[in-house]
Amino acid sequence: LAKQARTARPVNARTAASPQQQRCDKLRLQLKWAEEDLRKTAGPATEALRVKVGRQAEALAVECQP
């Protein structure tokens, strides 16, 4: 009976995705947010955010190759 209850539950996309896929999705989202922050920023903080965006892109490229 407990086994039936477990298999009867709907599987959402978050639990169905592998841990690696979840990590890649998280990195893509963090890159998107950093790019949005960079577009909104002016002044001295711009360079720091530019570096952050570059690092986010590098992390995504290393961990989530197509």
Side-chain angles (χ1 to χ4, degrees):
L1 184 60
K3 186 177 181 181
Q4 286 177 334
R6 276 192 301 242
T7 58
R9 278 188 253 161
V11 177
N12 64 28
R14 185 172 190 88
T15 58
S18 71
Q20 179 63 29
Q21 183 61 43
Q22 289 179 8
R23 175 83 175 133
C24 291
D25 291 345
K26 181 179 178 180
L27 287 170
R28 283 186 195 93
L29 190 55
Q30 288 174 336
L31 176 60
K32 177 185 169 188
W33 290 339
E35 288 171 339
E36 289 173 357
D37 291 345
L38 180 61
R39 282 192 293 272
K40 292 185 231 173
T41 304
T46 304
E47 186 57 33
L49 278 174
R50 188 172 290 128
V51 170
K52 182 178 179 178
V53 168
R55 289 179 179 166
Q56 291 286 348
E58 289 171 356
L60 181 62
V62 167
E63 293 196 39
C64 307
Q65 300 189 3

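The model shown is predicted, which means the values in this text are computed figures rather than measured ones.
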Residue pairs involving residues 51-62 (criterion salt bridge (charged side-chain N to carboxylate O under 4.0 Å, His left out); sequence neighbours excluded)
none

Is a side-chain donor or acceptor of Q20 paired with a backbone partner of E63 at a separation under 3.5 angstrom?
yes

Please find the pair of heavy atoms, one from C64 and one from L27, that lie closest to each other, and give the distance.
SG-CD1, 4.2 Å

Test of understanding: with salt bridge (charged side-chain N to carboxylate O under 4.0 Å, His left out), list the residues that count as partners of D25, not counting sequence neighbours.
R28

What's the shortest heavy-atom distance between L31 and A57, and which atoms?
CD1-N, 3.8 Å

Taking only residues at least two apart or on different chains, which pairs with a member in residues 34-50 satisfy salt bridge (charged side-chain N to carboxylate O under 4.0 Å, His left out)?
E47-R50

